[in-house]
Amino acid sequence: MQDNDEILVARVKRGDKQAFNLLVAKYQYRIRGLIGRLVADPGEVEDLVQEAFIKAYRALGGFRGDSAFYTWLYRIAVNTAKHHLAGVARRPPMQDIDAVDDAMRAPPPRLVETNTPEAMLQNDQLVATIRRAMAALPDELRQALTLRELEGLSYEDIAEALDCPIGTVRSRIFRAREAIQKAMTPLLD
């Protein structure tokens, strides 16, 4: 898979725009999923996905191949989302409901489908608790955990994507898991 990316990147560097379209087609859903987990507003996710690919296209000439294309693209996507979130934090709120509260109102997906109302309520409470715990995490912890648990990246790829040492990645993931475990403990007792 990585060899194919290297071939496509080489073609893009020679001016083949169709090769970049193939890279976009290959990774657009994964990048959308990543950004969607970092940015709560679905309307902004599409814009940020497009922005990340535009940035990648413009920067591709400087891609040296020291890492996998996929890791490099993830780093661009994470940085695009982080930049957006920093801008949102500086903007005054447009309404009283923030995006996290709004996302919490959506009915959570079922973890396990069961027939009893008690079990369904318990599952709903667990999902809501996990979502609240994830939303309460500092950005760097949430990003590291998202890349590991939801995107399945290795610790090495996460370190490269977040531009930090692997020990920092391990620490962030540990602290994020610990915070979520602590939030879940009352429900599991």
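In this structure the side chain of R172 never reaches within 4.5 angstrom of the side chain of L145, judged on heavy atoms. For the pair R11/R14, a side-chain contact is recorded, criterion being any heavy-atom separation below 4.5 Å from C-beta on. Using a 4.5 Å heavy-atom cutoff, the side chains of L141 and F174 are not in contact. At a threshold of 4.5 Å between non-hydrogen side-chain atoms, the residues L137 and I180 count as touching. Using a 4.5 Å cut-off on side-chain heavy atoms (C-beta onward), I158 and Q143 make no contact.
Contact between E44 and V39 at its shortest, heavy atoms only, is OE1-CG1, 4.1 Å. The two atoms that bring D47 and G43 nearest to each other are OD2-O, 3.9 Å, heavy atoms only.
Distance check: Q181 CD to I130 CD1 gives 10.0 Å after rounding to the nearest 0.5 Å. Within the model, atoms CD of E178 and OG of S171 stand 9.5 Å from one another, a figure rounded to the nearest 0.5 Å. Note that CD1 of I35 is 12.5 Å distant from OG1 of T146, once rounded to the nearest 0.5 Å. Here the CD atom belonging to E140 is positioned 9.0 Å from the CZ atom belonging to R142, to the nearest 0.5 angstrom. Distance check: L8 CG to Q18 CD gives 10.0 Å after rounding to the nearest 0.5 Å. To the nearest 0.5 angstrom, Y27 atom OH is 9.5 Å from F53 atom CZ.
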Could you please spell out the steps behind the side-chain contact (heavy atoms from CB on, under 4.5 Å) verdict for E46 and R32? CA-CA 7 Å; E46 291 302 318; R32 183 178 297 118; 2.7 Å; yes
For the pair I31 and V24, evaluate side-chain contact (heavy atoms from CB on, under 4.5 Å) and give the outcome as yes or no after the intermediate values. CA-CA 9 Å; I31 296 298; V24 170; over 6 Å; no
Under the salt bridge (Lys or Arg N to Asp or Glu O under 4.0 Å) rule, what do D66 and R64 come out as? Steps first, then yes or no, please. CA-CA 6 Å; D66 295 338; R64 297 183 311 268; 2.8 Å; yes
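A donor-acceptor pair under 3.5 Å is formed between the side chain of R148 and the backbone N or O of L153.
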Side chains of residues 68-82: which donor-acceptor pairs under 3.5 Å do they make with residues two or more places apart or in other chains?
residue	atom	partner	partner atom	Å
Y70	OH	R30	NE	2.9
Y70	OH	R30	NH1	3.3
Y70	OH	R30	NH2	2.5
Y70	OH	Y74	OH	3.0
T71	OG1	D157	OD1	3.4
Y74	OH	E151	OE1	2.5
R75	NE	E160	O	3.4
R75	NH1	E160	O	3.4
R75	NH2	D163	OD1	2.9
R75	NH2	D163	OD2	2.9
N79	ND2	R75	O	3.3
T80	OG1	I76	O	2.8

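Taken together through direct or relayed side-chain contacts under 4.5 Å among Ile, Leu, Val, Met, Phe, Trp and Tyr, Y57 and F63 form part of one hydrophobic cluster. By the criterion of side-chain heavy atoms lying less than 4.5 angstrom apart, applied directly or through intervening Ile, Leu, Val, Met, Phe, Trp or Tyr residues, I54 is not grouped with L48; the two fall into different hydrophobic clusters.
Within 6.0 Å of CD in E51 there are more than 12 heavy atoms belonging to other residues, nucleotides or ligands.
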